[in-house]
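To start, the structure under review is shown below, and the notes come after it.
Proteins get letters first, then strands, A, B, ... in listed order; numbering begins at 1 in each. Values below: all heavy atoms of this structure, side chains included; hydrogens, waters and symmetry mates excluded.
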Amino acid sequence: MTDPMSQATDTTSELVLSEEARIALEAESAHLAAPPHPLAEFWKYFSGNKGAVAGLAFIILIALVALLAPWIAPYSPFAQNVPEAKMPPAWVTGGTWSHLLGTDALGRDILTRIMFGARLSLMMGLVVVTISLILGVSLGLLAGFLRGWVDVVIMRLMDVILSVPSLLLAIAIVAILGPGLENAIYAIAVVVLPHYTRLTRAATLTEATKDYVTASRVAGASRFRLMVHVILPNCVAPLIVQATLGFSTAILDAASLGFLGLGAQPPQPEWGTMLSEAREFVLSHWWIVTFPGLAILTTVLAFNLMGDGLRDALDPRMKR
Amino acid sequence: MISFVLRRALLVIPAFIGVTLLTFALVHLIPGDPVLMLAGERGISVERHAELMTQLGLDQPLWLQYATYLGNAIQGNLGKSIVTHRPVTEEFLTLFPATLELSFCAITFAILLGIPAGVLAAVKRGTILDHGVMVVSLTGYSMPIFWWGLLLIMLVSGILGWTPVSGRMDPTIWMDSVTGFMLIDSLLTKEPGAFSSAIRHLILPSLVVGTIPLAVIARMTRSAMLEVLGEDYVRTARAKGVSPLKVVMVHALRNALIPVITVIGLQTGVLLAGAILTETIFAWPGVGKWLVESIGRRDYPAVQGGILLIATVVILVNLLVDVLYGVVNPRIRYRR
């Protein structure tokens with residue numbers, strides 16, 4: 001005897017099933033017709049994360065500002081204009097639209113300096129990430145592929161670097177090399193090196209035992225070819241994530257060093273250096289202090305948001 | 001257990017030697033002659049120069065100089081400050097309680113706020129509350145804390161007038177330093193208002209130093225809780241009819257805390273780095289401000305000793321955290 005209720009439910013579930021099956025079939029035929037490009041698939045996951053997309057959009061904006069600064073900035077970042085010093089932002093009484101974000105103690109336009117500061121910060125981020133990526137990947141590949149004493153020496157060295165707080169180590173290195181933008185870049189690159197080395201080594205260890213590597217080895221691939229052409233391309237995903245997050249660390253550390261007087265030196269319009277010059281006006285002229293810090297925070301936040309989104313989109317475990 | 005502690009403690013040696021090599025290099029890689037630098041602009045005669053080179057051991061081979069430096073460092077002898085002529089170790093130990101007090105208050109603040117925030121976000125996953133906690137913590141994590149400190153001074157001290165701008169104690173209150181910790185000393189002294197003054201001076205700097213650890217702890221607690229809340233034993237507890245509050249606080253949180261405790265331990269370095277920036281802003285008389293000032297004064301023995309001592313503190317605390325972790329979680333102890 002059949003229960004009319006359960007029969008009804010059965011019919012519905014059958015219907016639902018067939019509907020699902022139809023969608024699945026369609027999807028499969030579409031799949032067969034045109035397999036999704038890896039980039040398209042990546043974009044599908046990445047664009048689902050609103051924060052990450054917002055981060056990417058902001059990074060594009062700030063990169064454009066940095067590139068175009070000499071053409072779009074209203075003034076020269078170094079042009080002093082003492083009669084117009086400490087002028088508040090345009091929307092505050094006493095401000096003018098010719099200085100949208102106001103002027104600093106020497107009458108320099110704050111908006112202009114922030115635009116040129118974007119150049120310095122992004123450039124420092126880019127150079128730090130490039131140096132540490134190249135060095136870190138090479139060391140990680142060597143350690144993970146050659147093993148033995150090479151591995152021990154490299155990884156113990158990385159442990160030493162990691163055992164000192166990063167800002168303290170950067171300060172120590174700058175104290176050795178002397179304060180300045182270039183030396184700050186080297187210092188930060190050394191400080192972040194272990195992250196890339198460890199990541200590459202871990203990925204290399206996993207990949208090196210796989211069949212396709214053995215196959216290449218049997219086919220007579222040289223050590224260099226195995227490391228760079230066979231293994232490395234398969235370790236790229238975590239490195240992309242780390243490099244994005246590395247940008248935020250580099251920008252933040254560079255600003256910290258600038259603030260302590262150890263990074264870029266005045267009158268360079270570096271955001272941290274600007275804040276260090278602005279300290280004495282904290283209780284009297286809020287805009288001189290507020291805007292450079294806001295620039296650091298939003299840029300760092302944008303890279304962190306994008307890094308998180310990239311991690312989720314590139315991590316196969318996150319995909320259903 | 002003993003073999004685990006020993007094995008872990010042995011790892012401290014290469015780290016310590018690495019740091020001493022770095023601080024040794026600090027003096028020897030700096031361009032210029034250290035004796036000429038000591039002499040300053042007055043200059044120095046050739047005989048006196050040679051005499052000082054011998055006296056400071058700078059005419060000896062580099063490896064011997066390093067061995068001497070390492071030997072002295074292990075005995076706590078880090079030379080004298082060029083500026084104050086006091087032993088570096090002594091200066092460090094006088095100032096260290098101020099940094100320790102600040103770091104302690106900061107991490108307490110971060111834990112007391114971060115763990116409940118993380119738990120709440122995990123339990124209310126996907127709600128506005130969860131998104132709010134995540135946005136705030138990611139912002140905190142991205143915060144340039146030196147700017148954050150300036151903003152707080154501007155708002156809380158400047159506009160609201162609630163807290164003092166700098167220092168550890170109201171200058172009108174005089175009291176003896178017994179322990180070096182203002183919170184304790186102000187309780188020991190009979191001066192009225194000393195304790196509340198100490199607290200008011202501590203609030204902003206602790207908040208600033210605690211911001212990044214707070215963000216890290218909240219994020220870690222949330223993800224650890226989410227993982228644990230999906231476990232079978234949590235479902236079993238729910239099915240048994242245990243109250244939701246008890247499921248979260250007893251069954252889930254206790255297990256989720258293991259990675260959180262590790263992360264808290266790893267914050268020592270973040271705290272001390274934060275102290276370097278924060279002390280500079282709040283004129284907090286601790287080792288961070290002293291280190292930055294020493295760099296500015298080119299007081300190399302102080303810079304060298306300061307970096308070595310701060311790094312040693314971090315290395316030792318990390319060792320302690322690892323050992324405690326092994327005590328709490330036996331699985332770690334037997335892993336090779």
Do the non-hydrogen side-chain atoms of [X] and [Y] ever get within less than 4.5 Å of each other?
| X | Y | result |
| --- | --- | --- |
| B/Phe146 | A/Leu260 | no |
| B/Leu152 | B/Trp148 | yes |
| B/Phe16 | B/Thr312 | yes |

Working to the nearest 0.5 Å, report the span between [atom1] of [X] and [atom2] of [Y].
| X | Y | atom1 | atom2 | result |
| --- | --- | --- | --- | --- |
| B/Trp290 | B/Leu95 | CH2 | CG | 7.0 Å |
| A/Arg119 | A/Glu270 | CZ | CD | 15.0 Å |
| B/Ser166 | B/Trp284 | OG | CH2 | 10.5 Å |

Contact class of [X] relative to chain B, heavy atoms under 4.5 angstrom:
| X | value |
| --- | --- |
| A/Leu169 | side chain |
| A/Leu294 | both |
| A/Ser256 | both |
| A/Leu297 | both |

*Heavy-atom pairs under 4.5 Å with chain B, option from A/Ile171, A/Leu168, A/Thr299 with the top count*: A/Leu168

_Heavy-atom pairs under 4.5 Å with chain B: which of A/Gly293, A/Ala302, A/Pro165 has the most?_
A/Gly293

[X] versus chain A, heavy atoms under 4.5 Å apart: side chain, backbone, both or neither?
| X | value |
| --- | --- |
| B/Val19 | both |
| B/Ile307 | both |
| B/Val270 | neither |
| B/Leu151 | side chain |

Top of [options] for chain A proximity - count of heavy-atom pairs under 4.5 angstrom:
| options | result |
| --- | --- |
| B/Pro144, B/Gly269, B/Ala273, B/Ala311 | B/Pro144 |
| B/Leu21, B/Leu291, B/Ile281, B/Thr23 | B/Ile281 |
| B/Thr139, B/Val12, B/Val303 | B/Thr139 |

*Under 3.5 Å, is there a donor-acceptor pair between the B/Gln65 and B/Tyr69 side chains?*
no

*Where does the angle between the aromatic ring planes of A/Phe247 and A/Phe303 fall among parallel (under 30°), tilted (30 to 60°) and perpendicular (over 60°)?*
parallel

*asked:* Quick check on B/Tyr141: does its OH atom have over 12 non-hydrogen neighbours (other residues, nucleotides or ligands) under 6.0 Å away?
replied: no

